[in-house]
Each structure stands twice: as structure tokens, then as C-alpha cells.
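Here's the structure we're looking at; comments come further down.
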Amino acid sequence: MTTIVQSINYNEAPDTLQSEIAVMLHQVWPDACPMPGVTIPKAHEKELNARSFYLHIDGKLVSYAGVVRKTIKHDGQTFNIAGLSCVATDPEYHGQGLGLRTVADATQWIERQGDIDFGIFTCSPSLDSFYNRAGAWPVVTDVVLIGSRNEGALSSESLDVVVLMRLFSEKAEAYESILRHTTINLDFPDGQFL
Ligand SMILES: CC(C)(COP(=O)(O)OP(=O)(O)OC[C@H]1O[C@@H](n2cnc3c(N)ncnc32)[C@H](O)[C@@H]1OP(=O)(O)O)[C@@H](O)C(=O)NCCC(=O)NCCS
């Protein structure tokens with residue numbers, strides 16, 4: 001049984017791998033993620049420069065975690081941020097520690113980059129301990145995450161989610177006061193969120 005977490009830049013991943021990722025995401029989120037057909041639905045927008053972490057067992061992709069990256073402006077400062085996205089394990093393989101391993105590797109990769117100021121994303125409240133165990137991600141109750149300032153944009157306040165956030169760089173530590181008790185705007189196109 002091969003259970004090594006592998007990693008690749010999503011934009012450079014071969015079609016076969018992008019297709020396997022899409023099939024698994026469709027299984028987990030059938031309404032939001034279409035099944036690959038003639039075209040392969042993208043798990044991550046190209047401009048988010050995603051890094052993919054994935055596990056194969058018996059030749060099948062069974063667990064996945066994406067890391068997306070973006071530069072944002074917040075309170076007059078520029079920050080390079082990263083967030084976990086499309087974290088999923090094939091339902092037939094739940095409860096075997098695979099999700100913990102993909103998220104742990106993805107988090108360690110973020111830590112190693114050196115140019116990422118902070119990590120931020122949301123999850124359902126029931127998964128807070130999963131992310132805490134996998135990557136020491138704490139829930140921050142004083143930070144609201146919004147997709148954009150547009151009317152109807154997605155927000156951690158209107159969705160049933162908690163915000164997870166870790167500061168990585170010296171810059172982020174130095175500016176911690178403006179990164180707490182605040183609203184952080186991802187400045188995403190409509191409909192996108194983390
Ligand atoms: C979340 C998910 C990726 C976990 O994958 P997994 O491979 O089953 O996770 P693991 O086996 O590594 O889980 C380890 C621990 O996390 C916790 N956990 C896992 N899935 C959980 C869930 N859905 N809700 C609450 N806790 C969960 C369990 O407590 C488990 O601990 P245990 O071994 O002591 O029981 C998987 O449940 C999944 O694909 N869910 C649907 C998609 C989703 O919600 N993704 C997250 C988006 S933010």
C-alpha cells in the first residue's frame with residue numbers, strides 16, 4: 001500500500017492527475033464540483049497558483065488538500081497569504097488518518113515557503129479539532145473573512161463556518177495588531193471563498 005503524500009504545482013499537474021482530483025471532489029461535493037467530461041473542471045483558479053497534496057492507495061487518489069496563494073492589501077499593508085482549499089478524503093477511506101496526513105504536509109509546506117505571511121481559511125465548526133491536530137490551525141473568533149466587498153460576497157459571518165488563521169512571517173507577527181479584531185478581505189471574484 002503506497003501512502004506517501006505527493007505534491008505538485010496544480011497548474012503543472014498532468015491532465016490525468018487533475019482529472020483524478022476532479023473525480024474525487026465530485027464524489028465529495030457532487031453539487032459544487034462537476035464530474036470531468038470533455039473538459040476537466042479546475043479545482044483551483046490558475047491565478048491562485050495552487051500547490052496540490054495528494055495520496056494514492058492501490059492506484060486510486062483517495063485524499064487531497066490544495067494550498068492556494070494570493071497577495072492581499074490589508075490596512076495599507078501588503079501580505080502574501082495562503083489557505084487550504086478542497087480538503088477531502090474519498091468517503092470509502094475516511095477515518096484512516098489520511099486527511100490528517102495531507103493537511104499536515106500541506107501546512108508544513110506553507111511553513112517552509114518563507115514568503116507566506118499568514119495562512120487563513122474557513123471550515124465547518126465540527127472540523128476545528130481536525131485542523132488543529134493536522135496543522136496547529138487555531139480558530140480565531142475575532143477575525144471575519146470575506147470574499148470581497150461586493151454585495152452578496154461570501155463571508156465567514158453569513159456561512160456556518162469558523163475562521164482558522166496562523167501567522168508565519170516576522171512581518172505578520174509585527175503587524176499582528178492590525179490582523180486581529182478585524183475583517184480580512186480576500187478580494188476574490190464573486191462566488192469564490194476559502
Ligand atoms: C474532513 C475530511 C477530509 C477528513 O478526512 P479523513 O481522511 O477521514 O480524516 P482523518 O482520518 O485523518 O481524521 C482524523 C480525525 O479528524 C476528525 N474528523 C475527520 N473527519 C471529520 C468530520 N467530518 N467531522 C468531524 N471530525 C472529523 C476525527 O476526529 C478523526 O479523529 P479520530 O481518528 O480520533 O476519529 C473528510 O471527512 C472529508 O472529506 N469530509 C468532506 C469534505 C470536507 O468537509 N472537507 C473539509 C472542507 S473545510
Side-chain angles (χ1 to χ4, degrees), residues 1-8 10 13 17-36 41-45 48 50-70 81-111 116 118-141 143-147 153-166 168 184 186 188 191-194:
M1 184 164 90
T2 307
T3 54
I4 295 167
V5 178
Q6 293 179 282
S7 168
I8 191 170
Y10 179 78
L17 178 58
Q18 290 198 358
S19 185
E20 280 186 282
I21 294 167
V23 168
M24 216 264 287
L25 295 181
H26 172 72
Q27 247 189 308
V28 175
W29 289 290
D31 296 336
C33 302
M35 188 68 177
K42 295 288 177 199
H44 312 285
E45 299 298 325
L48 295 180
R51 185 81 186 173
S52 295
F53 296 82
Y54 57 99
L55 267 167
H56 278 107
I57 291 181
D58 298 333
K60 189 180 182 205
L61 188 136
V62 293
S63 192
Y64 183 78
V67 176
V68 299
R69 287 170 279 176
K70 192 174 194 297
I81 66 163
L84 296 183
S85 172
C86 300
V87 173
T89 295
D90 180 325
E92 283 182 25
Y93 291 80
H94 276 186
Q96 298 182 26
L98 305 179
L100 283 176
R101 293 186 47 204
T102 50
V103 170
D105 276 36
T107 306
Q108 284 160 22
W109 181 85
I110 296 172
E111 289 167 354
I116 292 173
F118 65 92
I120 191 160
F121 60 101
T122 62
C123 75
S124 88
S126 64
L127 285 174
D128 62 347
S129 62
F130 168 77
Y131 284 108
N132 199 270
R133 270 172 75 185
W137 292 98
V139 171
V140 287
T141 52
V143 175
V144 175
L145 189 65
I146 58 171
L154 296 169
S155 158
S156 59
E157 265 185 337
S158 53
L159 300 165
D160 179 25
V161 294
V162 291
V163 177
L164 302 165
M165 183 177 184
R166 278 188 64 186
F168 294 109
I184 294 180
L186 291 165
F188 273 166
Q192 282 187 36
F193 201 52
L194 275 179

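Order of appearance sets the numbers: ligands from 1, and atoms from 1 within every ligand. Owing to the predicted nature of the structure, the values given are computational and were not obtained by experimental measurement.
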Fill in: salt bridge (charged side-chain N to carboxylate O under 4.0 Å, His left out) against K60, all qualifying residues, sequence neighbours excluded
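Partners of K60 under the salt bridge (charged side-chain N to carboxylate O under 4.0 Å, His left out) test: D90.
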
Could you pull out the N/O contacts under 3.5 angstrom between ligand 1 and the surrounding protein atoms?
| residue | atom | partner | partner atom | Å |
| --- | --- | --- | --- | --- |
| ligand 1 | 5 (O) | T89 | OG1 | 3.2 |
| ligand 1 | 7 (O) | T89 | OG1 | 2.8 |
| ligand 1 | 7 (O) | G99 | N | 2.8 |
| ligand 1 | 8 (O) | G95 | N | 2.9 |
| ligand 1 | 11 (O) | G95 | N | 3.3 |
| ligand 1 | 11 (O) | Q96 | N | 3.2 |
| ligand 1 | 11 (O) | G97 | N | 2.7 |
| ligand 1 | 12 (O) | G99 | N | 3.3 |
| ligand 1 | 12 (O) | L100 | N | 2.9 |
| ligand 1 | 31 (O) | R133 | NH1 | 3.0 |
| ligand 1 | 34 (O) | R133 | NH1 | 3.4 |
| ligand 1 | 39 (O) | T89 | N | 2.9 |
| ligand 1 | 39 (O) | T89 | O | 3.4 |
| ligand 1 | 39 (O) | H94 | NE2 | 3.4 |
| ligand 1 | 45 (N) | V87 | O | 2.7 |

Item to complete: Check for a donor-acceptor pair, side chain of E111 on one end and backbone N or O of F168 on the other, with a separation under 3.5 Å.
Response: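 No.
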
Worksheet item: Under 3.5 Å, side chain of Y10 to main-chain N/O of A43, donor-acceptor pair present?
Response: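 Checked: pair present.
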
Worksheet entry | With F121 via ring pair (Phe, Tyr, Trp, His ring centres under 6.0 Å) - residues at least two apart |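 Per chain and number, F121 pairs via ring pair (Phe, Tyr, Trp, His ring centres under 6.0 Å) with Y131, W137.
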
Worksheet entry | With S124 via side-chain hydrogen bond (donor to acceptor under 3.5 Å, both in side chains) - residues at least two apart | S126

Worksheet entry | Candidates L145, I146, V143 - the one meeting side-chain contact (heavy atoms from CB on, under 4.5 Å) with S156 |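 So the option named by the test is L145.
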
